[in-house]
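Below, all heavy atoms of this structure are taken into account, side chains as well, without hydrogens, waters or symmetry copies. Here is how names work: the chains are called A, B, and so on, in the same order as the sequence lines, proteins then strands, and each is numbered from 1.
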Amino acid sequence: MGPTTRAHFVYNRRRRRRRGGRHAVEEASDEEQQQMDSSSSSSDEEGDQEEDAEASGEDVDDEEEEEAVAAEPAPKQPPAAAAAGEKRGRRKGSITISLKKVCKACKRTGHQAGFKGAVYIDCPMKPCFLCKMPGCHTTLTCPHRVTMEHGVIPAPKRNANTSLDYVFQSQVKGKIPMVKPKFLIPNQLEHGNIKFHQRRVTCLEFHPTKNSVLLSGDKKGLLGIWDYVKLHEKITYDSVHSCILNSMKIDTTNDGMIYTASSDGTISCTDLDTGIGSPLLNLNPNGWNGPSSWHMIYGMDLNTDKGLLLVADNFGFLYFLDRRSKTRIGHPILIHKKGSKVTSLHCNPARPEVLLSSGNDHYARIWDTRKLEANSPLASLAHGRVVNSGYFSPRSGNKILTTCQDNRIRVWDYILGDLQSPSREIVHSHDFNRHLTPFKAEWDPKDYTETVAVIGRYISENYNGVALHPIDFIDTSSGKLLAEVMDPDIITISPVNKLHPQDDILATGSSRSIFIWKPKIEDELTEERAKHDNSSDDDSGGDSGGKNKKAKKTRFTHAVKGKGKSKV
DNA sequence: AATATATGGGCCC
DNA sequence: TGGGCCCCCTATAT
């Protein structure tokens, strides 16, 4: 066993381009070689040269030696792969070859990206997967991870403190305890693996008046209604939408009706008891005419003052709907770059006429909906990449929290202050991945200090030999991680999370499953509460690494216990 | 147990 | 401004 390993794989087009024709030719049959030769282009050869130039002498020797040995047995071509290759036209040259293992991220030899046990080893040729900064570190050694032994720390506050900031901070910070006590964080799985969705969960909402009812939507457009106290009460409606259910809102004047927005281009108003719905808006009245004209609706919010439903599409336009007359009001207004998706809308809870929109054009924008025109935002908040979501703080509406695909959560502390740059950028792993519902950091609606936010984490952590993707509770005033919530029963990434408006309950959507979390069981809780009461200012200081470690271990022990109970 | 594949956004030409 | 291609810690059906 040397450093070289034999890897069998179907030879695909990308690899051909990357690695050039040389390796393939050695093992290809005559017929295949002809195909290969005719399809290889000058760029292929360039790729080959580049690789040769970069490989160390030793590597090249190894590789050639290995291939010479590997070439002896006749290469077998799986018939299925060959057939698939034929179908794909340009990919017809599907053959199986053997060569040295290659990094799946950069296709170079000498290292390998991927899981080693429960720890993921990054490709050293790529920028850090966490902070995205170029430089000679990977996720494992990223300063945004190592310092506090998790993936979250505050970026330096960029704007200088203005006097306004100072006054504001002293007013807020002086009077109220800053963070949610740990014993109130829902970190124990109450119900797991509720799988009535057939595709990944895309949105969750607690019913505002029926306390234990959770509403859920999925990628196929299925609407789920589940009472997690009366466990058996699960209802699904599959006729409301035909594809991704992106957003839900319960009517404040009639809590039996739900508004839903979908990538099928419609807004539906559905009776929760019967599942009977009526379309409030259909942006694709002429059906499918190709992707360039297909409307999808992602952002939606309700202006409760005016009875207005605000809706935005994937072409950058905002629409107003009158809730009662079910008609459109005025003309659509361009609020983000033409042709780009508006990802979320949020009306300010204190001033409902103030709207926050987030978009694929790398901006979040604040608007006054009373005098709305294109190019007239009150403010444009620049981001590094696509903005997944933007929310005003739940009570005062004075803060803004955005989630951006550049792996940063941004916080603006005061919307009437300087909005040029965020008050804080918090590095946090929540990468975009086409197969996942986009991550959205959301405020805890019960936290009257407007500090705590929840968001799922993309990168995994090694918990006792198991790679798990936690759900993070973040102190947005410092970037500090308040809690990381995980359970060995949840092995998939949890991008969708919703905190209950009144109770200390967290709902999680992870792949097709829904989970309900509660704080620790009663006896532990009282113990912790007593501890908390005795040591008052525990939260102001920074946790040491050792402390964090200990906490992590404790949590995992609980999780293991949970597993034992629920499984087998 | 390997593997095909769905599919959004960035980026490059 | 549009098409083609690439992609990185996925999840699941086969």
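Comparing the same atom, P, in dT14(C) and in dT7(B) gives a spacing of 16 Å after rounding to whole Å.
Judged by centroid separation below 5.5 Å and plane tilt below 30°, H435(A) stacks onto the base of dA6(B).
Of the possible donor and acceptor atoms, none in the side chain of N388(A) sits under 3.5 Å from a partner among the backbone N and O of P438(A).
Taking CD1 from I455(A) and OG from S494(A), the interatomic distance works out to 11.5 Å, rounded to the nearest 0.5 Å.
One interatomic measurement links the two molecules: NZ of K337(A) to P of dT1(C), which rounds to 8 Å at whole-angstrom precision. Spacing between atom NZ of K104(A) and atom C1' of dA4(B) amounts to 16 Å, rounded to whole angstrom units. Regarding I459(A), its CD1 atom lies at a distance of 12 Å from the C1' atom of dC8(C), rounded to whole Å. We find that CG of D218(A) is positioned 16 Å from P of dA11(C), with the value rounded to whole Å. Taking atom CG on N193(A) and atom P on dA11(C), their separation rounds to 13 Å, with Å as the unit. Distance, K116(A) NZ to dC9(C) P: 16 Å, rounded to whole Å. Here the P atom of nucleotide dT12(C) and the NE2 atom of H197(A) are 14 Å apart, to the nearest Å. Rounded to whole Å, atom C1' of dC7(C) lies 11 Å from atom NZ of K132(A).
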Audit row: Y458(A), H430(A), ring pair (Phe, Tyr, Trp, His ring centres under 6.0 Å) steps and yes/no: CA-CA 5 Å; Y458(A) 192 128; H430(A) 50 257; 9.5 Å; no
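For R512(A), whose side chain is taken as the heavy atoms from C-beta onward, the closest listed nucleotide among dC8(C), dT12(C), dC9(C) is dT12(C). The side chain of K107(A) has dC8(C) as its nearest neighbour among dC8(C), dT7(B), dT12(C).
In this structure, K341(A) is not positioned above the aromatic face of F315(A) in the sense of NZ or CZ being under 6.0 Å from the six-membered ring centre and within 45° of the axis. A cation-pi arrangement is present between K132(A) and F129(A) under the rule of less than 6.0 angstrom and at most 45 degrees off the ring axis.
At a threshold of 4.5 Å between non-hydrogen side-chain atoms, the residues D301(A) and V311(A) do not count as touching. The side-chain heavy atoms of R457(A) and H428(A), taken from C-beta on, include a pair separated by under 4.5 Å. At a threshold of 4.5 Å between non-hydrogen side-chain atoms, the residues E190(A) and Y228(A) do not count as touching.
Environment of CG in N375(A): sparse, with no more than 12 heavy atoms of neighbouring residues, nucleotides or ligands closer than 6.0 Å. For Y363(A), the OH atom sits in a loose shell: 12 or fewer heavy atoms of surrounding residues, nucleotides or ligands are nearer than 6.0 Å.
Sequence order on DNA chain C of the closest nucleotides to R199(A) and Y120(A) puts Y120(A) first from the 5' end.
Regarding contacts with the backbone of dT10(C), every side-chain N or O of T492(A) stays at 4.0 angstrom or more from both OP1 and OP2.
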Per-nucleotide protein contact string for nucleotides 8-13 of chain B, where B marks a base within reach and S marks sugar-phosphate only (heavy atoms under 4.0 Å, - for neither): BSS---
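Among the duplex regions that DNA chain B forms, those built from at least three successive Watson-Crick or G-U pairs under 3.5 Å are B:2-6 with C:10-14, B:8-13 with C:2-7, ordered by first number.
Using a 4.0 Å heavy-atom criterion, one finds that F129(A) contacts the bases of the nucleic acid, with or without backbone contacts as well. Residue contacts shown for S460(A) include a base, since a base heavy atom lies under 4.0 Å away.
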